[in-house]
Number of protein chains: 2
Amino acid sequence: MFGERGYVGGTTDAIARAAGISQAYVVRTFGSKESLFFAAGQRAADHVEAVFREVIEGFTGDESADERERRLGEAYGALVADRGVLLTLMHLFTLGHDTVFGPLARESFLRIYEIVRDDAHMSPEAASLFFARGMLINTLMGLRMPEVESDQPYAHELMFFGLGDKCHEIMESGTYALADAEAGRV
Amino acid sequence: MFGERGYVGGTTDAIARAAGISQAYVVRTFGSKESLFFAAGQRAADHVEAVFREVIEGFTGDESADERERRLGEAYGALVADRGVLLTLMHLFTLGHDTVFGPLARESFLRIYEIVRDDAHMSPEAASLFFARGMLINTLMGLRMPEVESDQPYAHELMFFGLGDKCHEIMESGTYALADAEAGRV
DNA sequence: GTCTATAGTTCGATAGAC
DNA sequence: GTCTATCGAACTATAGAC
């Protein structure tokens, strides 16, 4: 829900309805909406971190730089299937001005960047380009570009260069159904 | 204000205070908050489009592909000085699910992409990479990464590869002061 | 652990004066 | 054109029952 509507727009009522519980219980369980979003942001960043660490642990040490980047990119593409993770992070990354979420947002972003730089041993050029592609993918998800892709040649082109030749497979594996079904306004 | 807080978070009251007018007058002038954000999103996209068109009109026709990309990138870097434009667009791009703002968001994004592809004659690879870098810059703005950049070597690295050797000059030319001063919560 | 009911606040929009 | 005042809806959080 936060991935779809952001922090302010993701009401505890909509979250409760999606979870099939009462609004009061959502607040009571997490203490406040702020704590809930903080936990959701942390969880999303932890998930991306874990996925990257798993890929890196699979390295033998004699992969080329291109091969390391390819494998991390493939893992990121797989994350697209769960829209919520990447879109929640994207919303967190717009909260740099916030005294509570700003520090979490910057720490989360830099923590993952450090893993790519230090553990995956990617060069500054390669790492920044890797993150740039990731942010483009996030943006295309937020735009729901995959849904209109068939009508727009350039939309397809962007998805293709973001996700490679598996873009159709990846896109069709994910869905926004939960957020759509439970939210008032589609 | 919308660039800082997004559509839902940017209240008409905060907008009114920043503009030095009454909340009722904001709503009355634009009809509704929805119309106001729609106009703000259109204006931001129009501005980016106009900046790119101006750069392209300056082409003589015998620039290299790298040179065309360099000049467009420089123009985008200059846009960073006015945080509001790029951050408002970034928030618009998270509203793909919305029946009103979703079409506007996709049209705005693709309109600018078409200009880069067709008028600036950039290849699919170069254009998608150019947009990827742009989305990374937007994200770093949203994170307010420039403000902590001096403490974090990797934050500096990201800014540098996003904006080039002019990153300090560009960053210092912009400010979030307006949104900070007028909004309740900093 | 989970609910209903509701208090208290904030927000967008309207009414009406000047 | 612009304001003050205010209404009704939506939202977070709390109280209290089971």
Side-chain angles (χ1 to χ4, degrees), chain A residues 1-44 84 87-88 90-92 94-95 97-105 176 178-186, chain B residues 1-44 84 87-88 91-92 94-95 97-105 178-186:
Chain A
M1 198 58 68
F2 284 137
E4 199 75 18
R5 309 297 173 89
Y7 173 56
V8 190
T11 65
T12 54
D13 189 63
I15 291 165
R17 269 184 281 121
I21 55 180
S22 71
Q23 180 268 338
Y25 190 39
V26 170
V27 175
R28 197 158 184 107
T29 303
F30 289 88
S32 67
K33 181 182 173 179
E34 192 174 81
S35 301
L36 172 55
F37 184 73
F38 202 93
Q42 276 185 319
R43 178 184 274 263
L87 290 178
T88 297
M90 190 182 178
H91 273 110
L92 177 63
T94 68
L95 296 175
H97 65 94
D98 189 282
T99 53
V100 173
F101 300 120
L104 173 67
Y176 304 94
L178 183 128
D180 279 351
E182 301 294 341
R185 177 182 185 178
V186 179
Chain B
M1 200 57 68
F2 284 136
E4 199 75 19
R5 309 297 173 93
Y7 173 56
V8 190
T11 66
T12 54
D13 189 63
I15 292 164
R17 268 185 280 118
I21 56 180
S22 71
Q23 181 266 338
Y25 189 40
V26 170
V27 175
R28 199 161 184 104
T29 303
F30 288 90
S32 67
K33 181 182 172 179
E34 191 173 83
S35 301
L36 172 55
F37 184 72
F38 202 94
Q42 277 185 319
R43 179 183 274 261
L87 290 178
T88 297
H91 273 110
L92 177 63
T94 67
L95 295 175
H97 64 93
D98 189 282
T99 53
V100 173
F101 300 121
L104 173 68
L178 183 129
D180 279 351
E182 301 294 341
R185 176 181 187 178
V186 179

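Throughout, protein chains are lettered first and strands after them, A, B, ... in sequence-line order, and every chain is numbered starting at 1. Just so it is clear, the values below take in all heavy atoms, side chains as well, and ignore hydrogens, waters and symmetry mates.
Heavy-atom minimum distance, A/Thr94 versus A/His91: OG1-O, 2.7 Å. When every heavy atom of A/Asp98 is checked against every heavy atom of A/Pro103, the shortest pair comes out as O-CD, 3.6 Å.
In this structure, CZ of A/Arg5 is placed 10 Å from P of D/dC11, rounded to the nearest angstrom. Distance CZ (A/Phe30) to C1' (D/dT12): 15 Å, rounded to an integer number of Å.
Side-chain atoms of B/Ile21 and B/Thr29, non-hydrogen and from C-beta on, never get closer than 4.5 Å to each other.
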For nucleotides 11-18 of chain C, print each protein N/O atom paired with a nucleotide N/O atom at under 3.5 Å, atom names and distance only.
unit_1: C/dG12; atom_1: OP1; unit_2: B/Lys33; atom_2: NZ; d: 2.7
unit_1: C/dG12; atom_1: OP2; unit_2: B/Thr12; atom_2: N; d: 2.9
unit_1: C/dG12; atom_1: OP2; unit_2: B/Thr12; atom_2: OG1; d: 2.7
unit_1: C/dG12; atom_1: N7; unit_2: B/Gln23; atom_2: NE2; d: 3.4
unit_1: C/dA13; atom_1: OP2; unit_2: B/Lys33; atom_2: N; d: 2.8
unit_1: C/dA13; atom_1: N7; unit_2: B/Gln23; atom_2: NE2; d: 3.1
unit_1: C/dA13; atom_1: N6; unit_2: B/Gln23; atom_2: OE1; d: 2.8

Next item on the list: Apply the test side chain to side chain contact (heavy atoms under 4.5 Å, CB included) to residues B/Val100 and B/Glu34: give CA-CA distance (whole Å), side-chain angles for both, the deciding distance (0.1 Å), then the verdict.
Entry: CA-CA 9 Å; B/Val100 173; B/Glu34 191 173 83; 3.9 Å; yes
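Partners of B/Phe2 by ring pair (Phe, Tyr, Trp, His ring centres under 6.0 Å), not counting sequence neighbours, listed by chain and number: B/Phe37.
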